[in-house]
Undergrad: 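Sharing a structure, written as C-alpha cells. Questions coming.
Note that this is a predicted model, so its numbers are computed, not measured. Chain naming here is simple, since letters A, B, ... match the order of the sequence lines and numbering starts at 1 in each.
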Number of protein chains: 2
Amino acid sequence: MQETQKQESMFAAIADVQRRKILNILKNGELSVAEIKAHFDFSGATLSHHLSILKNAELVRVRRQGQQRIYTLNLSVVEELLLIFNQLFNREKP
Amino acid sequence: MQETQKQESMFAAIADVQRRKILNILKNGELSVAEIKAHFDFSGATLSHHLSILKNAELVRVRRQGQQRIYTLNLSVVEELLLIFNQLFNREKP
DNA sequence: TAGATAATTAGATGATAATCTAAATAAAAT
DNA sequence: ATTTTATTTAGATTATCATCTAATTATCTA
C-alpha cells in the first residue's frame, strides 16, 4: 500500500487529540466556529489552525453564513479514511 | 467518547508514515529487527525507537529468539483500534 | 573467555507542530 | 460610514518528535 500525500494529511489530522474531539463534536451536526470554540479552552486562533488542518485533509467542509463559517464533517472522506484504515490492516471495507 | 491514554498512544503511533509502513510489513508475518530494517534507510537506533512506540501502543508484540527480537502485529489490539476508529465516526464495528 | 553480532538506550540536534498575542479581513448593525 | 462581531492570518515561542552517533546490554561462537 503506497501512501499518498492526501492519506498522510489525514493521518496527521487525526493524530491530534483536539482535532479528534472536533470531529466528534461535528458528528452531531454542523456548527459555527464559535459553537465549536465553546467546547475548548484554547484561543480562537488555535481553533482556526486546527480547523484548517482538518479542512486541508478534507475531513471537514466549510461554508459561509453571514459572518460565521459553518463546519461539517465530510462524510465521503470519512468513508475513504475508514477504507484506508482497514487496508492498513488488510481487512475488508466495513 | 472520552479518550484514554492508551487510545492517545495508538493514534500517536500510527501518525508516523514509517511506523505505518512497519505495521504493513508485519501484516505478512513476524520479522526480526534486521529483517524489518532491510526495508528502510534510517539507522537501527531510529528503527528501535519506532518499534518501541508501536510496542508501547501495544500494536506489536516482541519476543526474543537468541540474539534477535521477533516482532509481530498484535491482532487483538488492531481490532480494538479499528473499533475505536469506527466509534470516532459513530459507525458500527466492521 | 574474548570477540562478534543484534538490538536497545543515552544524549544531542534539527525539524515540525501546538499554542499564543496582535493584526488583518469580512460581514453586520448602528 | 463607523463600530462591532466572527474568523483567519502573521509572526513568535515553546514543546515534541524523528533522527543521528556513540555507548551499553545481551547473546552467540570460536
Side-chain angles (χ1 to χ4, degrees), chain A residues 3-26 29-74, chain B residues 3-26 29-74:
Chain A
E3 293 235 5
T4 65
Q5 188 54 47
K6 189 175 175 184
Q7 288 175 26
E8 178 67 34
S9 73
M10 287 196 283
F11 278 106
I14 62 165
D16 183 86
V17 66
Q18 313 289 10
R19 288 194 290 267
R20 290 196 300 278
K21 194 175 165 190
I22 292 170
L23 293 174
N24 251 286
I25 290 167
L26 289 175
E30 58 182 33
L31 292 174
S32 70
V33 174
E35 286 168 328
I36 298 169
K37 186 167 183 325
H39 294 78
F40 296 96
D41 285 335
F42 46 64
S43 73
T46 296
L47 176 56
S48 204
H49 171 248
H50 284 312
L51 289 171
S52 105
I53 288 169
L54 289 170
K55 190 158 52 80
N56 286 332
E58 296 180 56
L59 287 166
V60 299
R61 288 224 170 100
V62 213
R63 66 167 205 277
R64 294 197 97 110
Q65 192 172 76
Q67 290 166 279
Q68 306 181 78
R69 307 230 177 150
I70 309 295
Y71 281 81
T72 56
L73 264 190
N74 186 347
Chain B
E3 292 233 6
T4 65
Q5 189 53 50
K6 188 174 175 183
Q7 288 176 25
E8 177 67 35
S9 73
M10 287 196 284
F11 278 105
I14 62 166
D16 183 86
V17 66
Q18 312 290 10
R19 289 193 291 267
R20 290 196 298 278
K21 193 174 166 190
I22 293 171
L23 293 174
N24 251 286
I25 290 167
L26 289 175
E30 58 182 34
L31 292 174
S32 70
V33 174
E35 287 168 328
I36 298 169
K37 185 165 183 330
H39 294 79
F40 295 96
D41 286 333
F42 47 66
S43 73
T46 296
L47 176 56
S48 206
H49 171 247
H50 285 311
L51 289 171
S52 105
I53 288 169
L54 290 170
K55 190 158 52 81
N56 286 333
E58 296 180 55
L59 287 166
V60 301
R61 288 225 169 100
V62 212
R63 64 168 207 277
R64 293 199 97 111
Q65 192 172 77
Q67 289 165 280
Q68 307 181 73
R69 308 228 177 153
I70 310 294
Y71 281 82
T72 57
L73 264 191
N74 186 346

Undergrad: Identify, between A:His49 and A:Arg69, the residue whose nearest nucleotide on DNA chain C lies closer to the 5' end.
TA: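 The answer here is A:His49.
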Undergrad: Once you round it to whole Å, what is the distance between P of D:dT7 and CZ of A:Phe42?
TA: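 After rounding, the reported distance stands at 14 Å.
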Undergrad: Can you check the B:Phe11 CZ to C:dA18 P distance for me, whole Å?
TA: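 In whole Å, C:dA18 P lies 15 Å from B:Phe11 CZ.
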Undergrad: Have a look at A:Gly44 and say if it touches a base, only the backbone sugar-phosphate, or nothing, with a 4.0 Å heavy-atom cut-off.
TA: base
Undergrad: Report the nucleotide, chosen from D:dA6, D:dA26, C:dA6, that has the shortest atom-to-atom distance to any side-chain atom of B:Arg64.
TA: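 The answer is D:dA26, which lies nearest to the side chain.
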Undergrad: For A:Gln67 and A:Ser48, find the nucleotide of DNA chain D closest to each by heavy atoms; which residue's nucleotide sits nearer the 5' end?
TA: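 It is A:Gln67 whose nearest nucleotide is closer to the 5' end.
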Undergrad: Just to confirm, is there a sub-4.0 Å distance from OP1 or OP2 of D:dA6 to any side-chain nitrogen or oxygen of A:Tyr71?
TA: no
Undergrad: Within the pair B:His50 and D:dC17, is there a side-chain N or O less than 4.0 Å away from OP1 or OP2?
TA: no
Undergrad: With no hydrogens and no angle check, is any side-chain donor or acceptor of B:Arg69 less than 3.5 Å from a backbone partner on B:Ser32?
TA: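 Checked: no pair found.
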Undergrad: Kindly say whether A:Phe40 contributes a backbone atom to a donor-acceptor pair with the side chain of A:Lys21 at under 3.5 angstrom?
TA: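 Checking the backbone N and O of A:Phe40 against the side chain of A:Lys21, no donor-acceptor pair under 3.5 Å is found.
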Undergrad: The side chain of A:Thr46 is closest to which nucleotide in this list: C:dC20, D:dC20, D:dA18?
TA: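 The answer is C:dC20, which lies nearest to the side chain.
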Undergrad: Describe the nucleic acid contact of B:Ala45 in one word from base, sugar-phosphate, nothing, applying a heavy-atom distance below 4.0 Å.
TA: base
Undergrad: Whole angstroms only, please: what is the CD1-P distance between A:Ile53 and D:dT8?
TA: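 Computing the A:Ile53:CD1 to D:dT8:P distance gives 13 Å.
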Undergrad: Please name the residue in the list A:Leu54, A:Thr72, A:Asn74, A:Ile53 that meets the side chain to side chain contact (heavy atoms under 4.5 Å, CB included) test with A:Val60.
TA: A:Leu54
Undergrad: I need the minimum non-hydrogen distance between A:Phe42 and A:His50, along with the two atoms involved.
TA: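 Answer, listing the atom of A:Phe42 first, then A:His50: CZ-CD2, 4.0 Å.
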Undergrad: Using a heavy-atom cut-off of under 4.0 Å over every strand shown, decide if A:Ser52 touches base, sugar-phosphate, or nothing.
TA: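 Counting heavy atoms under 4.0 Å across all strands, no contact is made by A:Ser52.
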Undergrad: What is the distance, rounded to the nearest whole Å, between atom CD of A:Gln68 and atom P of D:dT5?
TA: 13 Å
Undergrad: Expressed as a whole number of angstroms, how long is the span from A:Lys37:NZ to D:dT5:P?
TA: 15 Å
Undergrad: Pick the nucleotide of DNA chain C nearest each of A:Ser43 and B:Leu51; which residue has the one closer to the 5' end?
TA: B:Leu51
Undergrad: With a 3.5 Å distance limit and no angle check, can you tell me whether A:Arg19 reaches the backbone of A:Ala12 through a side-chain donor-acceptor pair?
TA: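 At least one qualifying donor-acceptor pair exists.
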Undergrad: Would you mind reading off the distance between B:Arg63 atom CZ and C:dA7 atom C1', rounded to a whole angstrom?
TA: 16 Å
Undergrad: In whole angstroms, how far is the C1' atom of D:dT19 from the CZ atom of B:Phe40?
TA: 14 Å
Undergrad: Is B:Gln18 close enough to D:dT19 that one of its side-chain N or O atoms is under 4.0 Å from OP1 or OP2 there?
TA: yes
